[in-house]
Amino acid sequence: MHPTLRCLGRLVVVASFAVASASAQQQPQESSPPIAKPAWSLTGDLGAVGELYSISGRENRRPNQTGRMFFRPTFTLADRYTIRSEFLLSTEGSSALARQSINQYLVNPSWKWSQTRYSARIGDFSDAYTPTTFNGVQVRGGGLAVQRERAHAAILGGRTKPATEGGADGGSFRQALFAGQAGVGDARRSLSAFVLYAADDGGSLPVPPDTAGAIDSTEVGTAVNPYSVTPQKNFVVATWGQSTLLDNRLSLAAEVGRSSYTRDRRAADAGGGRVDYALDTKARYVRKRYELTGGYRRIGPGFVSLGVASMHADQQDLTSGGILRIGTSGALRAQVSRQNDNLSRQKAATTVRYRYVSTLNLRPTRLWTATISGNYVTMANHLADDSARVDFSAWILGMNHAIALGHRSLVQSLSFGYTAQGSGDDNPLRRNSDALSHTGQVQAMVRVLRNLSAAPAIGIASVQTGLQAWRTTMTYGLAVQHRGMGQRLTSSLSGTASTAAGDENIPATLGSRYTMTRSDALELRVAFNRFRGAARPTAGETNYEESTSSFGWSHRF
């Protein structure tokens, strides 16, 4: 039997036992005295989804058949012990094309002993320590957190990447990560310390032959550099603190971190790797009518944390902003920021970016709300050589209005918006890259019947780039929702049609949810997309049709 199907079968058995146990516990008692609160309870939900996919005219974007099952139980004992779990099994997890397993599980027990709270995690999970230490990376392993009055501590560890053979572009070694934190304080003042260690297993991938210099211009083949994907090592320590002053009107926060990073731990002279630092500070001052914010952030060019999903090094940011409250429902927000790289002067030029953002929110009447926004960005490095010179700017102006006419009106609401944006580059070599666009849309919510509503929409977008002619795209949309069978059946149908320079795109989606009982529901979803492209000498065949159908069942217990 297929391993995934075997896991699905085991999960069904466990889920059935859980539902039977919960149902038996919920049977009414015949005794007249008040029923005491049960010593334990089991709640949660489970379900399964099957999906079919097909496409003609181009290559597949996903598997033709997919099956998923989820089981999310919560067990509570004596209001003191709780075990929350989550299991997800999918046929995608066993696909030969999958770079990593889609199947996931998590067991999260928590309990209280005396004045101390404990929480553990086993399985697949993520956490957020600070923006420069550990944030957003998925871990398959375990963790433990302890909190007692004003003190707290936590540790975690596990695998963050499996070994994947993908060549120079997509390969990765198996990576393990361990992190911890400890701190004291409360909501007004606190101080915490963080540590992270991550390392790749250098033996988890075979070493490819070095052919980087073996292929000349007369041979057919691909050069392979065995050092294009290397086993890394990273060690990060940081401290973070925050404090509120002046009757909580002023809040200050700062983080300082140190990173040591080795790109290839196999190298004989790797040592402790390169070392660099990061600093992140924030300030906020709040009054009844206004609010002021500011911050300074510096990420050194050599600072690396393998525990952060996305972070750009070699950056320095200085930001300031404010909010001015207008009346009881209006506000004016503004922010200015400056960013530059080349912190160690290791580059020939420094690129400086400025960003100005402003938003005005108003509510002129009880039924009418309006938003007006603007954004202006510049980026330049002031080089004299046009081949490397950057002198770019872009701007956006927009407004959106919404009018609520009431649920009893035929037209319940109206909304419309307009956006203009442009960009340009003063470098003579990119003079014809300037762009200008105008976009507008109108949408209404119409109450056709007591249980039937419709939302028609229309949009237009005109774009002009460089010396090319204006290109206009028209979009027409309609969404319909119906409720029937005593609100137990909810169905929706939505679709759009857009045309631009001979191209036609028509996506449509049909969805329906039927509540069979207070605990069980069925869901059906069918999505279709039809694209017809205009004939162009360089485009080739661009016509395709794509469809996705899914059917699911869910049960709450």
Side-chain angles (χ1 to χ4, degrees), residues 99-101 121 124-144 153-182 192-210 212 224-240 255-280 298-315 341 343-344 346:
R99 294 176 54 83
Q100 59 184 3
S101 177
R121 285 179 290 186
D124 301 287
F125 62 93
S126 182
D127 206 339
Y129 282 8
T130 70
T132 60
T133 54
F134 181 69
N135 188 11
V137 171
Q138 182 104 335
V139 178
R140 170 164 286 190
L144 176 66
I155 57 172
L156 61 87
R159 190 193 71 187
T160 56
K161 291 181 182 179
T164 305
E165 295 188 44
D169 297 328
S172 65
F173 288 88
R174 182 170 57 247
Q175 186 177 102
L177 180 146
F178 303 91
Q181 63 167 312
S192 301
F194 306 88
V195 62
L196 177 141
Y197 175 78
D200 290 343
D201 181 1
S204 58
L205 286 181
V207 179
D210 188 355
V224 177
N225 181 1
Y227 298 103
S228 57
V229 178
T230 57
Q232 309 168 87
K233 183 175 68 174
N234 186 212
F235 182 71
V236 182
V237 293
T239 181
W240 177 88
E255 177 191 359
V256 180
R258 178 187 183 274
S259 163
S260 64
Y261 172 71
T262 302
R263 183 180 179 274
D264 189 351
R265 59 184 307 188
R266 299 172 302 187
D269 58 346
R274 67 186 188 194
V275 176
D276 215 324
Y277 299 87
L279 172 66
D280 190 5
R298 186 189 189 279
I299 307 296
F303 189 91
V304 176
S305 176
L306 298 178
V308 177
S310 176
M311 180 176 62
H312 297 285
D314 193 23
Q315 285 190 1
D341 61 357
L343 302 185
S344 298
Q346 75 278 15

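One-based numbering along the sequence shown.
- Of all non-hydrogen atoms in G302 and R274, the two that sit nearest each other are O-NE, 3.5 Å.
- Checking each of V275, V236, D276 against S260 for a side-chain contact (heavy atoms from CB on, under 4.5 Å) leaves exactly one that passes, namely V275.
- For the pair D200 (side chain) and G202 (backbone), a donor-acceptor distance under 3.5 Å is absent.
- D314 CG to L343 CG: the interatomic distance, rounded to the nearest 0.5 Å, is 4.5 Å.
- Minimum heavy-atom separation, P301 to Q346: CB-NE2, 3.8 Å.
- A distance of 8.0 Å separates CZ of R265 from CG of D201, quoted to the nearest 0.5 Å.
- Taking 4.5 Å as the limit, every side-chain heavy atom of T132 sits out of range of all side-chain heavy atoms of S305.
- Every residue two or more places apart in sequence or in another chain that forms a side chain to side chain contact (heavy atoms under 4.5 Å, CB included) with A154 is listed here: Y129, A145, Q181.
- In this structure the side chain of V256 never reaches within 4.5 angstrom of the side chain of Y277, judged on heavy atoms.
- Residues V304 and Q232 fail the side-chain proximity criterion, which asks for heavy atoms closer than 4.5 Å.
- Pairs passing the salt bridge (Lys or Arg N to Asp or Glu O under 4.0 Å) check and including a residue from residues 125-143, sequence neighbours excluded, read R121-D127, D124-R140.
- Using a 4.5 Å heavy-atom threshold, the side chains of V195 and F178 count as separate.
- Nearest heavy atom pair, residue N234 against residue S259, reads ND2-OG, 3.5 Å.
- Note that OH of Y197 and NZ of K233 are 5.5 Å apart. Values are rounded to the nearest 0.5 Å.
- One finds the CZ atom of F194 at 6.0 Å from the OG1 atom of T133 (value rounded to the nearest 0.5 Å).
- Residues A309 and G136 approach most closely at CB-O, 3.8 Å, considering heavy atoms.
- Applying the side chain to side chain contact (heavy atoms under 4.5 Å, CB included) test to L177 and every residue at least two apart in sequence or in another chain returns F134, L156, T160, A179, L196, A198.
- Taken from NZ in K161 to CD in Q138, the straight-line distance is 13.5 Å, to the nearest 0.5 Å.
- When side chains are defined from C-beta on, Y261 counts as touching R263, because their heavy atoms get closer than 4.5 Å.
- In plain terms, the two heavy atoms of R174 and S204 that are nearest each other are N-OG, 3.0 Å.
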